[in-house]
Amino acid sequence: MEQRPLGRTGLRVSALGFGCGDVGGLIVRGTPAERERAVARAVEAGINYFDTAASYGDGESERNLGRTLKALGLRPYVGTKFRIDPTERDTGAAVARSLEASLARLGMDGVDLLQLHNVIVREDGAPAPGRGLPASRVLGEVLPALDALRRQGKIRFAGITALGDTGAVREVLDAGVVDTAQVCLNLLNPSAAVGVPAGFPAPDFGRLLDRARQRGVGAINIRVLAGGALSGTEERHAIAMPRVAPIASGADYAADVERARRLRPLVEKGYVDDLMEASIRFALASDAMSTVLVGYSTFEHLERAITVVEKGPLPPPALDLLNGLWAELAREPR
């Protein structure tokens, strides 16, 4: 599998990453045998980055990932995440506590990447009340706390989730002190990679991937399948999260599924087998993207993703068709 630079870290990570979250659910709710089979196959295929978080499955993702890697005798790159309560007064202590709890669940002495899971907002308000941290606090409190953990040898690199107010996210990236950013990118919101037409029905991330590249920040693609909406159906796999709240796309999952159906000409014209393939290959078209995370419900989902990544980025005619389809979405009445 293709290995890409993770920004300026010096690490090279697989173009396809292993998402260990709730949406796919394999690591959170799969059986030990299912988890071990999938993780072993992933590593065999060249996948070397596994992404988890303290909040996934209320800690079960970290526990199960740690158990699985120990059972298989594997140690790929592992990244996890933490959230800070905005009312917390001692940010450094809160970050350290979260990491220690994560390490205990993972059964590890340290992780390769520790990432802020909160959205980043302006000083004058938050788009997600109760969860957002102002950019000044991220720069003045969170990142110094991460640097202290790095000096202790408990983490190698520090990252953010590039959600919230795009201007505030840019402010953090421009400071030159974060190593990675989790960037939301898919066919329902391509704005982190390309310019979108006026009236496009999604928040505008203002080509954040360009900003990440300029600052030497490794970009990690999240929600590449829009939580599963790009399957074109509202049905969910039995092991997957029963309901998915969209991130930076439609008002609800049903709206995302309906909008995804407007992109079917990509399939009908033979560029791809399905829209999930199209979205992964679209994300891979940017050389600023280090790794594309996919969450799996089954071993077959993993195999399909491996096959898709091996096809490489979408061809230029498919991208041209997408631009026309996005323009149509922007013209639709709301």
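Keep in mind it's a predicted model, so treat the numbers as computed, not measured.
The distance from the CD atom of Q115 to the CZ atom of R83 is 12.0 Å, given to the nearest 0.5 Å. Taking CG of L6 as the reference point, atom CG of N48 lies at 9.5 Å (rounded to 0.5 Å). Between the CD atom of E62 and the SG atom of C20 there is a distance of 10.0 Å, given to the nearest 0.5 Å. The distance from atom OG of S102 to atom CZ of R63, rounded to the nearest 0.5 Å, is 10.0 Å. Taking CG of L314 as the reference point, atom OG of S279 lies at 9.0 Å (rounded to 0.5 Å). Note: I222 CD1 to N186 CG = 10.0 Å, rounded to the nearest 0.5 Å.
For D58, the CG atom counts as loosely surrounded, since its 6.0 Å shell holds 12 or fewer non-hydrogen atoms of other residues, nucleotides or ligands. Environment of CD in E268: crowded, with over 12 heavy atoms of neighbouring residues, nucleotides or ligands closer than 6.0 Å.
A 4.5 Å side-chain heavy-atom check between L114 and K81 finds every atom pair outside the cut-off. Side-chain contact between D204 and T166 is absent, with no heavy atoms from C-beta onward closer than 4.5 Å. Within the 4.5 Å cutoff, the side chain of F157 has no heavy atoms near those of the L146 side chain. In this structure, the side chains of D287 and R213 come closer than 4.5 Å at one or more pairs of heavy atoms. Side-chain atoms of K269 and L266, non-hydrogen and from C-beta on, never get closer than 4.5 Å to each other. Residues V111 and L106 are in side-chain contact: their nearest non-hydrogen atoms beyond the backbone lie under 4.5 Å apart. Looking at heavy atoms from C-beta onward, L26 lies out of side-chain contact with T298 at the 4.5 angstrom threshold.
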Exercise. Report the C-alpha distance between T161 and N118 in whole Å, list the side-chain angles of each, state the deciding distance to 0.1 Å, and finish with yes or no for side chain to side chain contact (heavy atoms under 4.5 Å, CB included).
Key: CA-CA 7 Å; T161 300; N118 297 68; over 6 Å; no
Practice problem: Under the side chain to side chain contact (heavy atoms under 4.5 Å, CB included) rule, what do I84 and V95 come out as? Steps first, then yes or no, please. | Solution: CA-CA 7 Å; I84 293 293; V95 175; 3.7 Å; yes
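T91 and R137 form a side-chain donor-acceptor contact under 3.5 Å, judged by distance and modelled atom types alone. Judged by distance alone, the side chains of T307 and E310 never bring a donor and an acceptor atom under 3.5 Å apart. Side-chain contact annotation: D51 with Q182, donor-acceptor N/O pair under 3.5 Å present. Side-chain polar atoms of T52 and S61 form a donor-acceptor pair below 3.5 angstrom.
The ring-ring contact (aromatic ring centres under 6.0 Å, His included) pairs that include a residue from residues 50-83 are F18-F50, Y56-H117, where partners are two or more places apart or lie in different chains.
In terms of the salt bridge (charged side-chain N to carboxylate O under 4.0 Å, His left out) criterion, residue partners of R281 (sequence neighbours excluded) are, by chain and number, E277.
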Side-chain donor-acceptor distances from residues 243-250 under 3.5 Å, at least two apart:
| residue | atom | partner | partner atom | Å |
| --- | --- | --- | --- | --- |
| S249 | OG | D256 | OD1 | 3.3 |
| S249 | OG | D256 | OD2 | 2.6 |

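One hydrophobic cluster, built from ILVMFWY side chains closer than 4.5 Å, cannot hold both V257 and L230; they sit in different ones.
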